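Okay, structure first, notes after.
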Amino acid sequence: MSTDLDPPRSASSSLYIGLMSGTSLDGVDGVLASLPADADGQPMATLATAYVPFPDDLRAALMALQANGENELQREAMAANQLAVYYAQCIAELLEKSAIPAAYIRAVGVHGQTIRHRPELGYTRQTNNPSLLAELCGIDVIADFRSRDVAAGGQGAPLVPAFHQAVFGSEEQARVAVNIGGISNISILPAGKLEATSGFDTGPGNVLMDAWIARHQGQTYDADGAWGASGKPDAALLAALRSDAYFALPPPKSTGRDLFHIEWLDAQLASHKELTPADVQATLTAFTATTIADAILKHAAQTGAVYVCGGGAYNAYLLKLLGEALSAGAERAIPVLSTEVLGIAPNHVEALAFAWLAQRFCLRLPGNLPAVTGARGLRVLGGLYPAQ
Ligand SMILES: Nc1ncnc2c1ncn2[C@@H]1O[C@H](COP(=O)(O)OP(=O)(O)O)[C@@H](O)[C@H]1O
Ligand SMILES: [Mg+2]
């Protein structure tokens, strides 16, 4: 271990952990990063990464909590406790891999698991037991990042655009960052005018593709998009899916499993029974690709490049369809690239964003962008659960 680390729990420590477990319910991604607080030329550095998949019973419990059900307060509390154990395991792996003791980490930023997202009703719920997590890991925990933005009249989502702006924004090139998790969101980063950053949820990312392949192939996701690529997108079904009112709504807007779930898909499929399961998967892949492309062409047609992150960045068929949909609608070619070329692997971006949001909290700096979420103003996001 290096000797120039800050003293334990020093207020000047720049080491943070970020944990993200998103709508896909696949597991928790973690990063341990050095995030220098001031612009003294020190770049941020990822020191360790870890991924802990959720076991089937936890995934099923979290899935069941997406809808109303019997005894759900108790089921939520028990799932939150179980989640905290997996979050703590992810933290332990990060500390072990980096050989950095817990006492040197300034804070953990943890997203929690979204089980309801109803900003129009004044709430969003990322279930978690941050008290238990602080107890298990012995590090200050910052949690519940979205609620303050909702309290200020915002959508509470997406929150990653502020981080995208900080790490992917450019003085010379207009860019779009696309995060394809369970849900997909874009950040529009104008060249040299980063204060004008905007962004919103474009709609489903992997959530419907995952549900469909689980039902028909017993897999949790369509690796590389191979099954989807074996089918053929159906124009009529694609048009029906794209006619959902969500896509015509102006930003700010955000969505989740509350809207895009398998029952929604089943209702749409009722009049397309002739399609093979592989054709439906191909159509769902095209659905994600074309709704992202539509959002970019409508709101950021002048962008110089699109950078993709989130697990969807590993779906080759999805990226191919996204590239085709963009070039069909744009006057000039818009390259589709991985955020890897900007120095952050696609599966680490969101976890790093929550390390960054934890830092924003510790420095009492705002974490939201009102132009993105629709909140009344900039807000410091999150709540603190101290280590001791
Ligand atoms: N190799 C791959 N091929 C295709 N899809 C993948 C691959 N790896 C991950 N994914 C997709 O990414 C999802 C996880 O993405 P992630 O960014 O963790 O989303 P979330 O933030 O919603 O958890 C998986 O459920 C899967 O659909
Ligand atoms: Mg995930």
Side-chain angles (χ1 to χ4, degrees), residues 18-31 49-56 58-59 62-63 66 83 86-87 90 109-115 117 126-128 145-146 157-160 163-164 177-187 201-230 254-262 281-282 284-289 292 307-322 338-340 344-354 357:
L19 299 181
M20 178 65 198
S21 55
T23 329
S24 300
L25 305 176
D26 55 316
V28 53
D29 288 293
V31 299
T49 65
Y51 173 68
V52 178
F54 293 149
D56 290 346
L58 177 55
R59 192 178 301 197
L62 292 169
M63 186 69 92
Q66 310 286 325
L83 270 174
Y86 284 91
Y87 293 156
C90 191
V110 56
H111 174 264
Q113 193 67 52
T114 299
I115 51 168
H117 182 63
Q126 285 69 52
T127 193
N128 182 13
F145 287 91
R146 300 191 189 275
L159 292 183
V160 285
F163 175 73
H164 289 165
V178 186
N179 172 35
I180 312 178
I183 296 297
S184 166
N185 60 272
I186 61 169
S187 302
D201 286 353
T202 59
N206 298 296
V207 67
L208 298 173
M209 292 188 273
D210 284 357
W212 191 250
I213 197 168
R215 181 188 285 177
H216 288 277
Q217 306 270 307
Q219 317 268 325
T220 50
Y221 65 88
D222 186 3
D224 300 333
W227 188 48
S230 75
S254 62
T255 189
R257 283 184 184 272
D258 309 68
L259 173 57
F260 295 110
H261 41 59
I262 189 94
Q281 186 74 353
L284 291 174
T285 315
F287 179 40
T288 294
I292 293 170
Y307 295 91
V308 184
C309 59
Y314 300 99
N315 183 326
Y317 181 51
L318 174 61
L319 294 194
K320 174 173 169 274
L321 294 183
L322 175 59
S338 160
T339 56
E340 189 86 60
I344 309 178
N347 53 339
H348 300 151
V349 174
E350 270 209 294
L352 200 51
F354 279 86
L357 284 165

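In this chain, residues are counted from 1 in sequence order. This one's a predicted model, so the numbers in the text were calculated from it and none came from an experiment. We count ligands from 1, going down the list as the structure has it; atoms in each ligand are counted the same way.
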Quick one: pull up [atom1] in [X] and [atom2] in [Y] and give me the separation to the nearest 0.5 Å.
X	Y	atom1	atom2	result
Tyr87	Gln113	OH	CD	5.0 Å
Thr202	Asn185	OG1	CG	7.0 Å
Asn128	Thr114	CG	OG1	11.0 Å

Checklist entry - Of all the atoms in Asp26, is at least one N, O or S atom closer to the Mg ion (ligand 2) than 2.8 Å? => result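 Yes.
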Between the protein and ligand 1, are there any N or O atom pairs that come within less than 3.5 Å of each other, and if so, what are their names and distances?
residue: ligand 1; atom: 3 (N); partner: Asp224; partner atom: N; Å: 2.8
residue: ligand 1; atom: 3 (N); partner: Tyr314; partner atom: O; Å: 3.2
residue: ligand 1; atom: 10 (N); partner: Gly311; partner atom: O; Å: 3.3
residue: ligand 1; atom: 12 (O); partner: Asn206; partner atom: ND2; Å: 3.4
residue: ligand 1; atom: 15 (O); partner: Gly311; partner atom: N; Å: 3.3
residue: ligand 1; atom: 17 (O); partner: Gly311; partner atom: N; Å: 2.8
residue: ligand 1; atom: 18 (O); partner: Asp26; partner atom: OD2; Å: 3.4
residue: ligand 1; atom: 19 (O); partner: Ser24; partner atom: OG; Å: 3.1
residue: ligand 1; atom: 21 (O); partner: Glu350; partner atom: OE1; Å: 3.3
residue: ligand 1; atom: 22 (O); partner: Thr23; partner atom: N; Å: 3.1
residue: ligand 1; atom: 22 (O); partner: Ser24; partner atom: N; Å: 2.9
residue: ligand 1; atom: 22 (O); partner: Ser24; partner atom: OG; Å: 2.9
residue: ligand 1; atom: 22 (O); partner: Gly182; partner atom: N; Å: 2.7
residue: ligand 1; atom: 23 (O); partner: Gly22; partner atom: N; Å: 3.2
residue: ligand 1; atom: 23 (O); partner: Asp26; partner atom: OD1; Å: 3.0
residue: ligand 1; atom: 25 (O); partner: Asp210; partner atom: OD2; Å: 2.7
residue: ligand 1; atom: 27 (O); partner: Asp210; partner atom: OD1; Å: 2.7
residue: ligand 1; atom: 27 (O); partner: Asp210; partner atom: OD2; Å: 3.1

Checklist entry - Among side-chain atoms of Tyr221 and Asn315, is any donor-acceptor pair under 3.5 angstrom? => result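 No - no donor-acceptor pair under 3.5 Å links their side chains.
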Checklist entry - Going by distance alone, is a donor N or O of one side chain under 3.5 Å from an acceptor N or O of the other, for His117 and Arg257? => result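 Note: His117 and Arg257 side chains miss the donor-acceptor criterion.
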Item to check | Which residues share a side chain to side chain donor-acceptor pair (under 3.5 Å) with Thr288, sequence neighbours left out | outcome: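 Thr288: no side chain to side chain donor-acceptor pair (under 3.5 Å) contacts found.
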